Amino acid sequence: MMIAKILALTIFIVMFVLIITDKIEKCLVTLCCGLATAVFVFGLSMHSMSAFTETLNVRNIFTLGFWYEAGSSAESTSGVNWATIIFLAGMMIMVEGMAKAGFFRWLCMTIAKLVKYKVIPIFLTFMVMSFVLAMFIDSITVILFLAAVTVELAQLLKFNPVPIILSEIFCANLGGSATMCGDPPNIIIGTSLGYSFADFVTNTGLIAVISLVVIVAYFYLCFRKELGKAGGDVDISKMPSPKSAITDKKAFAISTVIFLIAVALLITHAQTGLTVAFIGTFIAIITLLTSGKNAKAILKGVDYKTLLFFIGLFFVVGGLEQTGILEIFAQFIGKVSGGNIMVMIAIIIWVSAIASAFIDNIPFAATMIPVIKTLSATTGADLSVLSWTLAMGTDIGGSATPIGASANVVGTSIASREGYPVTWGKYCKVAVPATVIVILLSMVSIYVRYL
Amino acid sequence: MGEQLIIAVSREFGSGGHAVAQLLSEKYNIPLYDSNLLEDIADQKNLDAQALGKYDEKSKASFFTRSVRGFSTSPEENLAWMQFKYLKSMADEGKSFVIVGRCAEEVLKENPNLVTIFVLGNMESKIHRIMERYQTTRDKAVKLIEQQDKKRKTYHNRYCQGKWGDSRNYDICINSRLGVDKTADIIAQFIDGERELKH
């Protein structure tokens, strides 16, 4: 068993290092490491077929509980989290349909028009829009469109888009923390540990909304001088009309309706019993059915590499779980904290935040789930409290650096490509204090509310 | 204005490639772009050319960069991307120009009016040219040539499938040992000949 532990840990570390150095395609890294786990850990060391099948977890897809949960709380699962993958795939398809129809650009242009193209109101409204959209849609897509429109408006209205883009990025990551479907760590936590949309909204959602108010004020204070000078008298008739963003009226209407259906299904899923896997699949099917000849193009737009990345990742983490390494790590945290839950929360939130600032937060969150499960079981700490702590730490920590979260990479890259390079210094100067503020706020909120 | 003509000149350091490009630009009366491309873009978009200049023609930096779905945090990569996009848009608009470096032979390869050149030179001529231009010693000239060629090669190969200097990527690979004027003439003969064929 010792050899199995060492192999599993080695494969995990190698995987992490390869992901960080970014020289090899991420999905290839995790799939190969997943395969290595299957062969060397489950096969040659443990000789355990059950470890392999448990981790592969495909059987789970064919159970009723995967698609419909009659009871109020779901069972927690381990191994490859197919619910996350299927849900993500479904949402990707929906979002691709929305993007093709011009939904996001239309929304941004509509809001800009409503505030009469004044820079500071655009700054404030776009931050809130980023937060709200990211509650339901992956933050990469949100920033992809928001940043592009911000740059476009910046060139028309003559302001520097960087402050607004940086603020949008932070708010997107914050919005993602508010719901179960906003950010992959939350999706993984929710589906692995059986928490619903309502569970997240009433817990991390509350913290996120309070943080949003503080953070909008913070960014306003940081940038009001710079943005206040910008812009000027604008000839509104020269601005691109929101209507011009719509590429296909019918597709636009349909995709908006599908989006609203998705939101409604997600908000009510604990009451209806429909799982996120069901919702993801359903949304994907109606998007494809209603998109007619565009269905092929939409399917092509799905980010399969990310889905494959997840599959490999879950498998490697499954290897750590099956070999008991994560239990050891959990016991270590329990020991260091002396069983004191306040210390445990502090450790989890700060370590998650700092790690997520430099390392992809998704593998980190996936790895920590079995850890907090064990921690809860051995110390009696409330698992839900540890879950919200982990969610906030991993979701928000990623905002601190340009590489911490995918939205950051996309947003800064878009700004950079238009001639506004964003250095680490420029980024961290505003983002690190903002991250610290929100993590502190989260920690205090958790202490006050739950302890 | 006439038919579109885009001449992409890649060159070894000290080979006189830039001078050849200049002569071609004068002969066909079309603008020449090299490092001034950045100034042109900055002018159009109201940006600070100097601030951007420090990332120009450098290959992707370090450990602390990350890329997601083709988007990268590296300012060097993004600047390169910006210039490639600008070149493509000029080409799509039907503009004629000479472009030195900037991976143009790969970036613009879909354009049927593109002519791609690689100018090389004998080591001795290159050394003399650099010693004169930079008023420096022979040893320093040799070192500079090695450094600059390595820099260009790294930059080029980072963004292009074809390798820097590989003759298969260029319409003409020419050694400038006949002198810059004759080299430009030979290239012009090729361009004129091709235009005649098209008509």
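All of these numbers come straight from a predicted model, not from anything done at the bench. Each chain gets a letter, A, B and so on, in the order its sequence line appears, and its residues count up from 1.
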Correct closest heavy-atom pair for A:R417 and B:G70 would be NH2-O, 2.8 Å
Atom pairs and distances, donor-acceptor, side-chain atoms in residues 133-141 of chain B, under 3.5 Å, two or more places apart:
| from | atom 1 | to | atom 2 | distance (Å) |
| --- | --- | --- | --- | --- |
| B:Q135 | NE2 | B:E132 | O | 2.8 |
| B:T137 | OG1 | B:K140 | N | 3.2 |
| B:R138 | NH1 | B:E124 | OE1 | 3.3 |
| B:R138 | NH2 | B:E124 | OE2 | 2.7 |

Determine the option with the most heavy-atom pairs under 4.5 angstrom with chain B, choosing from [options].
{"options": "A:V422, A:T401, A:D360, A:I140", "value": "A:I140"}
{"options": "A:Y427, A:W424, A:Y420", "value": "A:W424"}
{"options": "A:L144, A:T423, A:V410", "value": "A:V410"}

For A:S416 and B:M82: C-alpha separation, side-chain torsions, deciding distance, then whether side-chain contact (heavy atoms from CB on, under 4.5 Å) applies. CA-CA 8 Å; A:S416 204; B:M82 185 173 86; over 6 Å; no
B:K85 vs A:E418, test: side-chain contact (heavy atoms from CB on, under 4.5 Å). Steps then yes/no. CA-CA 10 Å; B:K85 187 180 161 199; A:E418 294 299 328; 3.3 Å; yes
Residue [X] versus chain B: region with a heavy atom under 4.5 Å:
{"X": "A:N408", "result": "neither"}
{"X": "A:K305", "result": "neither"}
{"X": "A:A405", "result": "backbone"}

All ring-ring contact (aromatic ring centres under 6.0 Å, His included) counterparts of A:F12, not counting sequence neighbours: A:F16
Should the heavy atoms of other residues, nucleotides or ligands under 6.0 Å from CZ of B:R69 be counted, would the total exceed 12? yes
Please say whether more than 12 non-hydrogen atoms of neighbouring residues, nucleotides or ligands are located less than 6.0 Å from NZ in B:K153. no
